[in-house]
Amino acid sequence: MITHDFVGIGLGPFNLGLACLADPLRGSDDLDGVFLEARDRFDWHPGMLLDDATLQVPFLADLVTMADPTSRWSFLSYLKETGNLYPFYIRESFYPLRREYDDYCRWAADRLDGVRYGEQVTAVEHDGSAYVVRSGTGNAFRTRRLVLGIGTSPRVPEPLRPLLRHGSTVTHSADYLAHKAALQQQDTITIVGSGQSAAEIYSDLLAEAPEHGYELVWLTRSPRFFPMEYTKLTLEMTSPEYGEYHRALPLETRDRLAREQRHLFKGISGDLVDAIFDQHYQQRVTGVGPRTTLLTNTEVTGVRPLSGRGGSELDLLHTETGERFGLRTGGLVLATGYAPTQPAFLDGVRDRIRYDERGRYDVAGDYSVDVRGGEIFVQNAEEHTHSLLAPDLGMGAYRNSVILAAMLGREVYPVEKRIAVQTFGVPDHLRSVS
């Protein structure tokens, strides 16, 4: 059996970026990697590929550019090959359409060597000198290293989980487009959540509400509909030095910051917040609506399916007034975000993985999580250690540069050490000042 230098499990944007950056190293460095994807093709959040939705990061946050601006796998190379470079230039927006980004990733994935579709990983073992990755097809792949890029899974709060078993009128935002037609047949549609996905779905349904006649309700526990903070000094928190600073903090401090910093990267685009208000105003002026209720400080404490009539009944708590009340709704969209998962196929090698005291991966500075170091790496499973850097598309190429350097023992792509204007923590030259 061939022993690969590494096997990437999962093919989301981060592992796909690793595949692109590793591609030119196959000859010069003889770096042999293979990527296993359970699906039959690349798909990036297909349930949220709304026609007018854009990325929240500029096109420079593609698969490779922040590591190698000359790469043949850049977004600009994709635009040139598909004949869209000049239209993108004339459009004068740094933010690609989400559908466009999905197509770009598929363009790269379908042209790369070493990508294997239809390989659902079922088990990982260690034979004493290397890892053996087994898939449902019966194939086995022997490798010195693993890179886990399986992505995150839809997060559903405990009180809401029973409702997902009750048909197509209750869905997580991840599957919104597949359920949109069924939702629009209901008298009332309720959206639970406060981030970009909740806002995009609300805006999409609000635009078509006059045609269908449903009422819209938008609930969030947050005290307001937070816009994502996009000032330049805040953006510096997605930097190598902030990641290093954050990783060195005590676990309790890191977890507290995770709660406090959520709106920094899980808020709503300011332009979309304004557009939603303008939609309300336009419908009010034209007399077609809106029939809608927006509620902040509102927590879902219990749920029940409405027997015999479909729909759901929600028990709600207003967290500022303390008032308890209820809501009946026909359709329900849970825009409640995503969470990292620890797949069962790792059960056979859990003794080789480091965990923190709360059972999460103990992620090192080079993104490895194994007890020996440099054998098992993770992609977007380190928010609790590296903070905002973990899910940020713009930092994907940086993380892959670090992972490749750890594999090869040298920096193929220069790894920036300091990019920020500000200093995080106490600078050395002030430590001696009393």
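Atom CZ of residue Arg358 and atom CZ of residue Arg360 lie 5.5 Å apart, to the nearest 0.5 angstrom. Going from atom CZ of Arg134 over to atom CZ of Phe141 covers 11.0 Å, rounded to the nearest 0.5 Å. To the nearest 0.5 Å, atoms CG (Leu148) and CG (Leu346) are separated by 5.5 Å. Put simply, CZ on Phe14 and CD on Gln379 are 7.0 Å apart, with the number rounded to the nearest 0.5 Å. Distance CG/Asp51 to CG/Leu97: 9.0 Å, rounded to 0.5 Å. Between atom CE of residue Met407 and atom CZ of residue Phe6 there is a gap of 5.0 Å, rounded to the nearest 0.5 Å.
If you look at Tyr361 and His384, their ring centroids are not closer than 6.0 Å. Between Tyr338 and His45, the ring centre distance stays below 6.0 Å. In this structure, Phe94 has its ring center closer than 6.0 angstrom to the ring center of Phe59.
Looking at Ser194, its side chain never comes within 3.5 Å of a backbone N or O of Thr220 through a donor-acceptor pair. Looking at Ser387, its side chain never comes within 3.5 Å of a backbone N or O of His246 through a donor-acceptor pair. Side chain of Arg161 to main chain of Val156: a donor-acceptor pair is present (N/O by atom type, distance under 3.5 Å, no hydrogens or angles).
For the side chain to side chain contact (heavy atoms under 4.5 Å, CB included) criterion with Tyr413, the lone passing option out of Val64, Leu404, Asn400, Val402 is Leu404. The one candidate from Phe42, Tyr78, Trp73 that meets the ring-ring contact (aromatic ring centres under 6.0 Å, His included) condition with Tyr104 is Tyr78. A ring-ring contact (aromatic ring centres under 6.0 Å, His included) with Phe75 is found for exactly one of Phe88, Trp107, Tyr101, namely Phe88.
Remark: Arg144 engages Asp5 in a salt bridge, criterion side-chain N to carboxylate O under 4.0 Å. Using a 4.0 Å cut-off between charged side-chain N and carboxylate O, Lys180 and Glu208 make a salt bridge. Remark: Arg111 engages Glu81 in a salt bridge, criterion side-chain N to carboxylate O under 4.0 Å. Using a 4.0 Å cut-off between a side-chain N of Lys or Arg and a carboxylate O of Asp or Glu, Asp52 and Arg98 do not qualify as a salt bridge. Between Glu236 and Lys232 there is no salt bridge, since no side-chain N of the basic residue sits under 4.0 Å from a carboxylate O of the acidic one. Between Asp102 and Arg106, at least one side-chain nitrogen of the basic residue sits less than 4.0 Å from a carboxylate oxygen of the acidic one, meeting the salt-bridge criterion. Using a 4.0 Å cut-off between charged side-chain N and carboxylate O, Glu382 and Arg399 make a salt bridge.
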- [ ] Dump the intermediate steps for side-chain hydrogen bond (donor to acceptor under 3.5 Å, both in side chains) on Thr137 and Glu119, then the final yes or no.
- [x] CA-CA 6 Å; Thr137 62; Glu119 297 284 359; 2.8 Å; yes
TODO: Applying side-chain hydrogen bond (donor to acceptor under 3.5 Å, both in side chains), run through His318 and Asn297 and close with a yes or a no.
DONE: CA-CA 6 Å; His318 195 281; Asn297 297 294; 4.5 Å; no
Task: Working for side-chain hydrogen bond (donor to acceptor under 3.5 Å, both in side chains), residues Tyr131 and Arg145 - done: CA-CA 7 Å; Tyr131 295 91; Arg145 307 175 190 89; over 6 Å; no
Open item on the list: Please evaluate residues Gln422 and Leu233 with respect to the criterion side-chain contact (heavy atoms from CB on, under 4.5 Å), reporting the C-alpha separation (whole Å), side-chain torsions for both, the decisive distance (0.1 Å), and the verdict.
Closed with: CA-CA 8 Å; Gln422 62 195 294; Leu233 291 179; 3.9 Å; yes
- [ ] Evaluate the side-chain contact (heavy atoms from CB on, under 4.5 Å) criterion for residues Arg26 and Asp113: first the C-alpha distance (whole Å), next the side-chain angles of each, then the deciding distance (0.1 Å), finally the verdict.
- [x] CA-CA 10 Å; Arg26 285 176 172 269; Asp113 293 329; 4.3 Å; yes
- [ ] Begin with the C-alpha distance, continue with both residues' side-chain angles, and end with the deciding distance and a verdict on side-chain contact (heavy atoms from CB on, under 4.5 Å) for Glu241 and Ile419.
- [x] CA-CA 8 Å; Glu241 54 265 50; Ile419 66 170; 3.9 Å; yes
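Aromatic ring pairs are classed by plane angle as parallel below 30°, tilted from 30° to 60° and perpendicular above 60°; the pair Trp218 and Phe225 is tilted.
For Arg155, the salt bridge (charged side-chain N to carboxylate O under 4.0 Å, His left out) criterion is met by no residue, not counting sequence neighbours.
Atom OH of Tyr355 sits in a crowded spot, with more than 12 heavy atoms from other residues, nucleotides or ligands closer than 6.0 Å. No more than 12 heavy atoms of other residues, nucleotides or ligands sit less than 6.0 Å from atom CD1 of Ile2. Heavy atoms of other residues, nucleotides or ligands lying less than 6.0 angstrom from CD of Glu244 number 12 at most. Residue-environment remark: CZ (Arg284) stays at or below the threshold of 12 foreign heavy atoms within 6.0 Å. Environment of CZ in Arg221: sparse, with no more than 12 heavy atoms of neighbouring residues, nucleotides or ligands closer than 6.0 Å. For Arg247, the CZ atom counts as densely surrounded, since its 6.0 Å shell holds more than 12 non-hydrogen atoms of other residues, nucleotides or ligands. The 12-atom threshold is exceeded at CE of Met237, counting heavy atoms of other residues, nucleotides or ligands nearer than 6.0 Å.
In this structure, Arg41 fails the cation-pi test against Tyr117, since its NZ or CZ atom is not both closer than 6.0 Å to the six-membered ring centre and inside 45 degrees of the ring normal.
Side-chain contact check for Val147 versus Ile9: every heavy-atom pair is 4.5 Å or farther apart. Annotation: side chain of His386 is not in contact with side chain of Tyr242 (no heavy-atom distance under 4.5 Å). Put simply, the side chain of Asp356 does not reach to within 4.5 Å of the side chain of Val363, judged on heavy atoms.
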